[in-house]
Amino acid sequence: MPCTLSVFPAITAIPQFPENPRALILERCKTTKDINQIHAHLLKTRLVLNPAVAENLLESTAILLPNTMDYALSIFGEMDEPDSSAYNIIIRGLTYKQSPHEAVLMFKKMLESSVEPNEFTFPSILKACSRLRALREGEQVHAHFVKCGFGSNGYVENTLIHMYANCGRVEVARRVFDGMLTRDVVAWNSMFAGYTKSECWGEVLKLFCRMRESGVCFDEVTMISVLTACGRLADLELGEWISEHIESNGLQKNLPLMTSLVDMYAKCGEVDTARRLFDQMGQRDVVAWSAMISGYSQANRCREALNLFHEMQQKANVEPNEVTMVSVLDACAVLGAFDTGKWAHSYIKKKKMKLTVNLGTALIDFYAKCGSVDSSIEVFTSMDTKNVYTWTALIQSLASNGQGKKALDFFYMMRGKNIEPNDVTFIAALAACSHAGLVDEGRSLFFSMTKDFGIEPRIEHYGCMVDILGRMGLIEEAYQFIKNMPIQPNAVVWRTLLASCRVHKNVKIGEESFRHIARLEPAHSGDYILLSNIYALIGRREDALRVRSQMRQQRIKKAPGCSLIEIDGVVHEFLSEDDGHLDFKEIYSTIEDMMKQIKSAGYEPNPADARLDAEEDYQEASVSHHSEKLAIAFGLIRTPPGTTIRISKNLRVCTDCHNATKIISRVYNREIIVRDRNRFHHFKEGSCSCNDYW
DNA sequence: GTAGGGTTAG
């Protein structure tokens, strides 16, 4: 019971109790204790029997004060015959505070008690249905209020739009919207919100044009929806137009509006403009910070994302939420910043943050991209709710880390749980087949994708098939497969074939693939090197050199190799032949020692992977100074013996580094995990998880 | 007394 008379002070504590206590109850009561006092007095004076007074108590406890919903329910329970106003207050309170589900039950009770719902009942109950995504109940309420004659009440219609859109029926919402006799700005905004919910960004912009023709003035809420859509569609022109509107109308104080403006600029690729605006904001909450951090993260400026995250906590003292952590983990995943990401994970646990589907999926992906499959599985297992994104992340994690068979086990497990795979899931599953060397399985998945799931293969799916076939040496079949593709093959597909031609020493199709690549786009240095390697492997040294000199003549620049290693939470970056690092002398002498050690263990330098501008005599020196070897050497001297070394690099691992790393892992007894631009290499005891195909 | 708003995952 919220109150018993005896424990509360006598009426004397409230001198001159007003005849009509409405203002006293609704405006002056700030705490449960205040309301207790008043309630005691009302009981004693029997004023509580006056329905209007009781409703003031209800409103205060159900809506105005925090954590007093149970109090409200007990007052409600004491009422002899609650009228529709009393029900309305309770339904509204339950919808917003405690539980929309209880609000629906209360609405049922209202009908059972033959209390007529009125125009104020329906917006609340529709909102409750909307929050529950209870479409059937929502439809019943819809039918009910049409029968009661509230079908063209603006408030009711606007909430109805919201309800249908939130339940995934944006087209029904639109029909309601189109059927309205008059549409105020809230009606338009409800429709914008509906399209936003369903990610129909184009519809938002189309509707915005119509709104402007209609003569209804848009407001700040409208601009938030439109800016969000501009960001997703990269419509900078409209975004800037709104930006000017905000400025000339002095609306910079609106925090949500400014946040969506920052978000729009970042998503349109104008990250620095976004940052300038962000810095100018007078007030910044966790959402604003998260928007800016994700802006950096999505623009691949991951170090800046992490720096800003630091600033948010250290200087601004703003606590991150689940959404912030998703972007932080994303940045860690891209950088391969294992320690920072692990710290983020323990922070999430320490703060008892909710492991939402997005956050869990981001964690799985983070561990996957750091080569820590077991942790991916652990997170996956600990999640309460998983969706197709979650499963896909795990399958992808296993596949890219060389556990193709296990990845497929999870794919079939997912099917067993009746979760519908989508196009990305199939990319992951096909990649798994490729890594596990399962040609027949790959073929049948590829066909089943269209036949059983109605998913049209995209260029990525074709690429996976070429990889599956090529890896197993079915070069001719892979070539025919490309020739018969119903869509135009791109350079990536041909490059996949070229890579398999090198492994299986197929000159003819290799040359053909190279021609196709060069026809489609300026060939990369890697393409020249692959072709040159094929010639070298079958002993056509002159052709090999010709291709290399051709590449030099075409002035094809090799993207500088870059490797990252994180030591004690700091990401160190190495370029090939790098002497920019503080400890470079120590690193170079370690390399010398390292090369000696592995040579005596059987390593032979492979000059075919030398830097192309290096002189013949210096080729060996050059290979030994590849960024990857610098990073490994640094890892050897900066981590305790036996620690796993994790490297991430921007290019594919070269043959020489691959050979060398295998031997380093044996000689130094270290597990070395290298993430290259395509896949993972887990080096251990002299061999690699990729089985020397990558 | 009622309605609409910003950041996130494969």
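Remember, it's a predicted structure, so these values are computed and weren't measured experimentally. In what follows, chains carry the letters A, B, and so on, assigned in the order in which the sequence lines appear, proteins first and then strands, with residues in each chain numbered from 1.
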May I ask you to say what A/K267 touches in the nucleic acid, namely base, sugar-phosphate or nothing, with a heavy-atom cut-off under 4.0 Å? sugar-phosphate
Side-chain polar contacts of residues 261-268 of chain A - donor-acceptor pairs under 3.5 angstrom, sequence neighbours left out - could you list them?
{"unit_1": "A/D263", "atom_1": "OD1", "unit_2": "A/K267", "atom_2": "NZ", "d": "2.4"}
{"unit_1": "A/D263", "atom_1": "OD2", "unit_2": "A/K267", "atom_2": "NZ", "d": "3.4"}
{"unit_1": "A/Y265", "atom_1": "OH", "unit_2": "A/S243", "atom_2": "OG", "d": "3.3"}

Assign A/E55 to base, sugar-phosphate, or nothing according to its heavy-atom contacts below 4.0 angstrom with the strands shown. nothing
N/O donor-acceptor pair under 3.5 Å between A/S130 side chain and A/L126 backbone: no
So for A/D330 and B/dA9, does any side-chain atom that can act as donor or acceptor lie under 3.5 Å from a complementary atom in the base? no
Interface with DNA chain B, restricted to residues 360-380 of chain A and to heavy atoms under 4.0 Å: A/T361, A/D365
Using a heavy-atom cut-off of 4.0 Å across all strands, would you classify A/S397 as base, sugar-phosphate, or nothing? nothing
Please state whether the base of B/dG5 and the side chain of A/D219 form at least one donor-acceptor pair under 3.5 Å? no
Taking only residues two or more places apart in sequence, or in another chain, which ones meet A/D178 in a salt bridge (charged side-chain N to carboxylate O under 4.0 Å, His left out)? A/R174
Backbone N/O of A/N56 and side chain of A/S60: donor-acceptor pair under 3.5 Å: no
Once hydrogens and angles are ignored, does a donor-acceptor distance under 3.5 Å link the base of B/dG10 to the side chain of A/N422? yes
Closest to the side chain of A/V326, out of B/dA9, B/dT2, B/dG5, is B/dA9
A/M264 has an atom CE; how far is it from atom P of B/dT7, in whole Å? 13 Å
Step by step, would you call A/F107 with A/F122 a side-chain contact (heavy atoms from CB on, under 4.5 Å)? CA-CA 10 Å; A/F107 180 66; A/F122 292 109; 4.2 Å; yes
Atom CG of A/D285 and atom P of B/dT7: how far apart are they, to the nearest Å? 12 Å
Over how many whole Å does the gap from A/F309 atom CZ to B/dT8 atom P extend? 16 Å
Stacked pair A/F120-B/dT2, distance under 5.5 Å, angle under 30°: no
Here the distance between atom P of B/dG10 and atom CG of A/L398, to the nearest Å, is 16 Å
Of the listed nucleotides B/dG5, B/dT8, B/dG6, the one nearest the side chain of A/H162: B/dG5
Within the 4.0 Å heavy-atom criterion, would you say A/Y96 contacts the bases, only the backbone, or no part of the nucleic acid? sugar-phosphate
So salt bridge (Lys or Arg N to Asp or Glu O under 4.0 Å) across residues 354-382 of chain A, not counting sequence neighbours, yields A/D365-A/K369
Using a 4.0 Å heavy-atom cut-off, does A/E119 contact any base of the nucleic acid, only the sugar-phosphate backbone, or nothing at all? base
Select base, sugar-phosphate, or nothing to describe what A/L255 touches, counting heavy atoms under 4.0 Å on all strands. base
Nearest listed nucleotide, side chain of A/D263, among B/dA3, B/dT7, B/dA9: B/dT7
Over all strands shown, is A/S294 touching base, sugar-phosphate only, or nothing at heavy-atom distances under 4.0 angstrom? sugar-phosphate
Within the modelled atom types, does a donor on one side and an acceptor on the other bring the side chain of A/T392 and the base of B/dG10 under 3.5 Å apart? yes
Under the 3.5 Å rule, do the base of B/dG6 and the side chain of A/N254 count as making a donor-acceptor pair? no
Given B/dG10, B/dT7, B/dT8, identify the nucleotide with an atom nearest to the side chain of A/V287. B/dT7
Tell me which donor-acceptor pairs under 3.5 Å the side chains of residues 84-93 of chain A have, and how far apart each pair is, sequence neighbours excluded?
{"unit_1": "A/Y87", "atom_1": "OH", "unit_2": "A/S113", "atom_2": "OG", "d": "3.3"}
{"unit_1": "A/N88", "atom_1": "OD1", "unit_2": "A/T121", "atom_2": "OG1", "d": "2.7"}
{"unit_1": "A/N88", "atom_1": "ND2", "unit_2": "A/S84", "atom_2": "O", "d": "3.4"}
{"unit_1": "A/N88", "atom_1": "ND2", "unit_2": "A/N118", "atom_2": "OD1", "d": "3.0"}

Quickly, which of A/E304, A/E270, A/E311 forms a salt bridge (charged side-chain N to carboxylate O under 4.0 Å, His left out) with A/R275? Name it, please. A/E311
Return the value, rounded to whole Å, for the distance between atom CG of A/N153 and atom P of B/dG1. 15 Å
With the six-membered base ring of B/dA9 as reference, does the ring of A/Y389 sit under 5.5 Å away with planes under 30° apart? yes
Take the protein atom CD of A/E322 and the nucleotide atom P of B/dT7, then report the distance between them rounded to whole Å. 15 Å
Checking A/K197 now: which residues fulfil salt bridge (charged side-chain N to carboxylate O under 4.0 Å, His left out) with it, not counting sequence neighbours? none
Do the side chains of A/S382 and A/L355 get nearer than 4.5 Å, heavy atoms only? yes
Atom pair distance, as rounded to whole Å: CG in A/N387 and C1' in B/dT8: 12 Å
For B/dA3, does OP1 or OP2 lie under 4.0 Å from any side-chain N or O of A/R183? no
When you measure from the side-chain N and O atoms of A/Y195 to the phosphate of B/dG5, is any distance below 4.0 Å, counting only OP1 and OP2? no
Side chain of A/D184 (C-beta onward), nearest among B/dG6, B/dA3, B/dT7: B/dA3
With sugar-phosphate meaning primed atoms plus P, OP1 and OP2, does A/S124 contact a base, only sugar-phosphate, or nothing at under 4.0 Å between heavy atoms? nothing
Quick one: is B/dA9 close enough that its OP1 or OP2 comes under 4.0 Å of any side-chain N or O from A/Q298? yes
Does A/A187 reach a base, just sugar-phosphate, or nothing at all? Heavy atoms under 4.0 Å. nothing
Between B/dG10, B/dG6, B/dA9, which one does the side chain of A/T228 approach most closely? B/dG6
Take atom NZ of A/K354 and atom P of B/dA9, then tell me their distance rounded to the nearest Å. 17 Å
Among B/dG6, B/dT7, B/dA3, find the nucleotide with the atom closest to the side chain of A/N321. B/dT7
